[in-house]
Amino acid sequence: RASSAVVRARIEELPEQYRVVLLLRDIEELDTEETAAVLRTTNAAVKTRLHRARQALRTLLEPYFVGT
């Protein structure tokens, strides 16, 4: 099972635009509109980046969940 340190390390491996949106939405718990305002982008861009960030993180964490 992946520890929080492993999860944090994998988050750091994400491209910056994915890492930032993931941190704002999932860690800081900002909503989509707040995140869009902080990043000076659209709600649609936030949603797309967040989806891609979560997919990328899932892929990075997959080896830790094999056989569980």
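Hydrogens, waters and symmetry mates are skipped; everything else that's a heavy atom, side chains included, is used.
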| field | Rounded distance [0.5 Å steps], CG in Leu24 versus OG1 in Thr32 | value | 11.0 Å
| CZ/Arg49 to OG1/Thr41 distance, rounded to the nearest 0.5 angstrom? | 4.5 Å
| task | Could you grab the distance from atom OG1 of Thr59 to atom CZ of Arg54, nearest 0.5 Å is fine? | result | 14.0 Å
| request: Evaluate whether atom CZ of Arg10 has more than 12 neighbouring non-hydrogen atoms of other residues, nucleotides or ligands under 6.0 angstrom away. | output: yes
| query | Between CD1 of Ile27 and CZ of Arg8, what distance do you get to the nearest 0.5 Å? | reply | 9.0 Å
| query | Between Arg19 and Leu14, is there a donor-acceptor pair closer than 3.5 Å when you use the side chain of the first and the backbone of the second? | reply | yes
| request: Look up atom CG in Leu57 and atom CD in Glu62, then write down how far apart they are to the nearest 0.5 Å. | output: 11.0 Å
| field | OG1 on Thr35 to CD on Glu29, rounded to 0.5 Å | value | 11.0 Å
| message | Taking the side chain as everything from C-beta on, heavy atoms only, tell me whether Val20 gets closer than 4.5 Å to Val38. | response | no
| said: Please find the pair of heavy atoms, one from Leu61 and one from Phe65, that lie closest to each other, and give the distance. | reply: O-CD1, 3.2 Å
| request: Would you name the heavy atoms of Val21 and Ala53 that are closest together and state the gap between them? | output: CG1-CB, 4.4 Å
